[in-house]
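Heads up, the thing below is written out as structure tokens.
Side chains included, hydrogens not; waters and symmetry mates left out as well; all remaining heavy atoms used. Here the structure is a predicted model, which means the values were calculated and not measured.
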Amino acid sequence: VSARDDAEDARDEAEFFASTLDLVNDLSQAYEFATVAEMTASNIVFPVGKKLNTIVNNTTSNAGGASYVVSNTAIADGYGNHTLSGGNVAELIIDNILNPVQWGAIGNKTANDTLAVEAMLNAIVDGIVIDFKGFICSVESNLYVDSINNITVNGGGGGLFKSGGTSLFTDPVLSFNSCEDLTIMNILVQGSYSGSSLDAGDYGIRLGSCKRVLLSDSIFKDWGDSAWTVRTKLGGTVGKTESSDVTVNGNVFDNVYQTSTTGNSGGVINYTFTSNICNTIGAIKFASRSDNAENLIVTNNVIISQGTAL
């Protein structure tokens, strides 16, 4: 009986191995892993072109499942693309909706997610939706999106957190430069400001030479300088292209030194600022250093200011 059982066990193992090998080599079927860590730890050598799925990216966030394709030309970065057994790379398949957890962000407002978010932003193309899905990513350096159009950024109540003031870094936590048809909605953009005077350079989001922008239903809080800046692109001077057709509607600016300043270089053409709640230490600032800044509409806002309100 024992010998027969051993033979049956060996046959079962051989059949399982053969079926697994068939699945590994069948490019029409995806191979699934629980996490990225499980995928990269596997000893299986997958053929080029094989599709791999992960249920989640990591067990801490318990989210960020994604699909990959095995490549012998992609470069592993440890965020979107990962080295596999045998030396090939699992290359993240980019669809039209991205979230930072797919790049390894933890999103718990404590872990440093800078490089993961940066890797995600470097991968976006025209028409992309970025969905934070409620995760709050702590970042420790400036982030940029340049010359990408038709983007939607949906925080889902989550977004970006800067854990320190200008001692950590200066200038905006996130800059959009020369982008058109940009929608930012339901995002949290939070700093760490708790003072009563200007902390110059402690900025939230900056638009530089952007066109047709909508900011709605978002929260900016705890910024020592301008939480939301609209101007020419970074480094611009008077005479460069101003941002235009910008609508800021239904947002909360809480415990920020300034909101909605147009900065030192240029201004904005066709700017609507409506139905926002503004609790500022300083001013709601609509300054312009450009002859081309025009057509400002400010209506139906609730303004609480400890300084000059406008």
Side-chain angles (χ1 to χ4, degrees), residues 1-108 111-135 137 148 151-152 154 156 158:
V1 175
S2 177
R4 185 171 64 248
D5 289 345
D6 289 345
E8 289 177 352
D9 289 345
R11 185 180 66 249
D12 291 343
E13 289 178 4
E15 290 175 350
F16 176 76
F17 177 78
S19 63
T20 301
L21 189 62
D22 287 343
L23 176 57
V24 166
N25 292 305
D26 183 356
L27 299 187
S28 69
Q29 299 186 70
Y31 197 99
E32 187 170 89
F33 293 96
T35 64
V36 167
E38 182 181 282
M39 178 178 70
T40 58
S42 172
N43 291 322
I44 300 173
V45 179
F46 292 99
V48 171
K50 181 68 177 179
K51 185 177 180 180
L52 308 178
N53 293 335
T54 56
I55 298 173
V56 299
N57 180 279
N58 60 81
T59 55
T60 303
S61 63
N62 202 34
S67 295
Y68 303 80
V69 63
V70 178
S71 170
N72 59 2
T73 58
I75 298 174
D77 60 8
Y79 297 98
N81 299 340
H82 304 276
T83 302
L84 299 171
S85 181
N88 286 331
V89 171
E91 182 180 8
L92 182 65
I93 297 174
I94 308 296
D95 59 20
N96 65 331
I97 300 178
L98 310 179
N99 76 77
V101 180
Q102 292 175 314
W103 272 261
I106 302 301
N108 61 0
N112 182 0
D113 288 329
T114 307
L115 295 179
V117 176
E118 185 177 56
M120 177 191 69
L121 295 179
N122 288 339
I124 64 175
V125 296
D126 291 358
I128 281 290
V129 175
I130 299 171
D131 190 349
F132 281 84
K133 295 184 180 294
F135 289 98
C137 297
I148 306 292
I151 317 167
T152 297
N154 186 349

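- Between the CE atom in M39 and the CD1 atom in I44 there is a gap of 12.0 Å [rounded to 0.5 Å].
- A heavy-atom distance below 4.5 Å is not found between the side chains of N154 and I130.
- Applying the side-chain contact (heavy atoms from CB on, under 4.5 Å) rule to A74 yields the partners S71, N81, V89, E91; only residues at least two apart in sequence or on another chain are considered.
- The CG atom of L121 lies 10.0 Å from the CD1 atom of I148; values are rounded to the nearest 0.5 Å.
- No side-chain heavy atom of N88 sits less than 4.5 Å from a side-chain heavy atom of F46.
- Here the CG atom belonging to N96 is positioned 13.0 Å from the CD1 atom belonging to I124, to the nearest 0.5 angstrom.
- Between A123 and I94 the shortest heavy-atom distance is CB-CD1, 4.3 Å.
- When each of V69, L84, V36 is paired with L52, the side-chain contact (heavy atoms from CB on, under 4.5 Å) condition holds for L84 and for no other.
- Each of I93, L98, L92 was compared with D95 under the side-chain contact (heavy atoms from CB on, under 4.5 Å) criterion, and only L98 meets it.
- A heavy-atom distance below 4.5 Å is not found between the side chains of V117 and W103.
- At a threshold of 4.5 Å between non-hydrogen side-chain atoms, the residues T73 and V48 do not count as touching.
- Under the side-chain contact (heavy atoms from CB on, under 4.5 Å) test applied with S61, the options D113, V101, N108 reduce to a single match, V101.
- Without hydrogens or angle criteria, K50 side chain to L23 main chain gives a donor-acceptor distance under 3.5 Å.
- With hydrogens and angles disregarded, a donor-acceptor distance shorter than 3.5 Å links the side chain of N57 to the backbone of Q102.
- Nearest heavy atoms, N58 versus A105: ND2-O, 3.7 Å.
- In this structure, the side chain of T35 engages the main chain of E38 through a donor-acceptor pair within 3.5 Å.
- Shortest non-hydrogen contact noted between P100 and A116 is O-CB, 4.5 Å.
- K133 meets the salt bridge (charged side-chain N to carboxylate O under 4.0 Å, His left out) test with D131; sequence neighbours excluded.
- The closest donor-acceptor contact from the side chain of T54 to the backbone of F33 lies at 3.5 Å or more, if one exists at all.
- Side-chain contact, T114 with N112: a donor N or O sits under 3.5 Å from an acceptor N or O.
- Taking each heavy atom of Y68 and G80 in turn, the nearest pair found is CE2-O, 3.4 Å.
- Nearest heavy atoms, S85 versus S42: CB-O, 3.2 Å.
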